[in-house]
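What's counted below: heavy atoms across the whole structure, side chains too, no hydrogens, waters or symmetry copies. First the proteins, then the strands, lettered A, B, ... as listed; each starts at 1.
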There are 2 protein chains.
Amino acid sequence: MFHKETEYALRGLVYIQQQNELGHRPGLAEIAREIDAPGFYTGKILQRLVRQGFLTSRKGKGGGFGFGRDKPPLPLRDLILATEGNKILTGCAFGLKECDQDHPCPLHYRYAPIRNALNDLVATATIQSLAGSLAASVPPAREKPDIGSNPDKNIN
Amino acid sequence: MFHKETEYALRGLVYIQQQNELGHRPGLAEIAREIDAPGFYTGKILQRLVRQGFLTSRKGKGGGFGFGRDKPPLPLRDLILATEGNKILTGCAFGLKECDQDHPCPLHYRYAPIRNALNDLVATATIQSLAGSLAASVPPAREKPDIGSNPDKNIN
DNA sequence: CTATTAAAAGACAAAAAGGTCTTTTAATTA
DNA sequence: TAATTAAAAGACCTTTTTGTCTTTTAATAG
């Protein structure tokens, strides 16, 4: 689904947020170890995110990464757009440059709802919601249990 | 969403099928031109698909690509698995090696339905259904209009 | 102020994806 | 059979992604 860079960024930021909530500012070595990601690469990725203003860092003893407490929740969407761009959120499954209701590719009417669901997910889920309370991880009450046209075949 | 290779394969096979239905066996140059893909690269991709048994080819004058008429419909799923593997169909959005109901990542319960919908789509849509009659391209009667939890924000 | 700690910066490299080109092989037609 | 046509094969290249490592900068503690 996402690029490795996006995955590491997601896991890293969620871990940082969780630790921050416990009053701890984790350093790079700890973060990379805990999220099972390559250390130097993770450092480079977090560095970029700091430069882009997604989080703050402190050098030296007692240093590490964290979010300012005044920071508003960060939607996954913002992170994804910053790390890998919008192809996954707006691109055509067939690879057409123009694909919409007026010029639909053969998959459009079945793929667009899936892409919309993904857009909705990344717009509403935030690093904070994923880090805190595990709310997003809890199975929602099954009102809208399945999506797609063949609900029976779905696996979890 | 998919790799370029998968996109070219999808577009190429759909075009071949459409032309076959008209009694025509298109050659590589025509295919690449019509689907707006790089010629030599498309050739390499179709070559692999021929070797894997997805379609047939003939050399020399009047040559080109086609499906045997006895061939059963080809689900997109088979093509995707052959060209880029199963990451997009089974991978965890967070990048965890193990992610299921028993060990869910923070996104699991919201992402799994989306992935299921994608699996359903690629299992039921075939090259033939996309090529013929444009059936798949027609907007379905809106019984299950939106998926995801915030239907309002959906765009098409 | 010095030693230590930890991030910043950036060079470098490996792997994968994407793409080009030439030569060879096989089929058809004149 | 010779000329032509078109795919097969595979070498080669470019770009992007992923990853490693060294050096520099900044902060803190003693």
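- Rounded to an integer number of Å, the gap from A:Leu28 CG to D:dA27 P is 18 Å.
- Partner A:Leu55 forms a side-chain contact (heavy atoms from CB on, under 4.5 Å) with one of A:Asn20, A:Leu74, A:Ile16 and no other, that one being A:Ile16.
- For NE2 of B:His24, the number of neighbouring non-hydrogen atoms (other residues, nucleotides, ligands) closer than 6.0 Å is greater than 12.
- Donor-acceptor pairing under 3.5 Å, judged by distance alone, is absent between the side chain of B:Lys59 and the base of C:dT24.
- Atom pair A:Glu5:CD and C:dA16:C1' shows a separation of 16 Å (rounding to whole Å applied).
- Look at CZ on B:Arg25: it is 11 Å from P on C:dT28, rounded to the nearest Å.
- In this model, a side-chain donor or acceptor of A:Lys44 finds a partner on the base of D:dG19 within 3.5 Å.
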Please step through side-chain hydrogen bond (donor to acceptor under 3.5 Å, both in side chains) for the pair A:Arg11 and A:Thr42, ending with a clear verdict. CA-CA 10 Å; A:Arg11 299 216 296 273; A:Thr42 303; over 6 Å; no
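- In this model, the phosphate group of C:dG18 is not approached by any side-chain N or O of B:Tyr8 to a distance below 4.0 Å at OP1 or OP2.
- Contact between the side-chain N/O atoms of B:Ser57 and the OP1/OP2 oxygens of D:dA6 is not found at any separation under 4.0 Å.
- The side chain of A:Lys4 has D:dG19 as its nearest neighbour among C:dG19, D:dG19, C:dT22.
- B:Lys87 has its NZ atom 12 Å from the P atom of D:dT17, to the nearest Å.
- Comparing A:Thr42 and A:Lys61, the nucleotide of DNA chain D nearest to each residue sits closer to the 5' end for A:Thr42.
- For the pair A:His3 NE2 and D:dT18 C1', the interatomic distance rounds to 11 Å; values are reported in whole Å.
- Atom CG in B:Leu46 sits roughly 13 Å away from atom P in D:dA9 (whole-Å rounding).
- Contact between the side-chain N/O atoms of B:Arg51 and the OP1/OP2 oxygens of D:dA9 is found at a separation under 4.0 Å.
- Atom NZ of B:Lys97 sits in a sparse spot, with 12 or fewer heavy atoms from other residues, nucleotides or ligands closer than 6.0 Å.
- The distance between atom CD of B:Gln47 and atom C1' of C:dT24, rounded to the nearest whole Å, is 12 Å.
- Counting to the nearest Å, the P atom of D:dA7 and the CZ atom of B:Arg48 are 17 Å from each other.
- Using a 4.0 Å heavy-atom distance criterion, B:Gly64 is classed as a sugar-phosphate-only contact.
- When each of B:Val122, B:Leu81, B:Leu13 is checked for a side-chain contact (heavy atoms from CB on, under 4.5 Å) with B:Leu76, only B:Val122 meets the rule.
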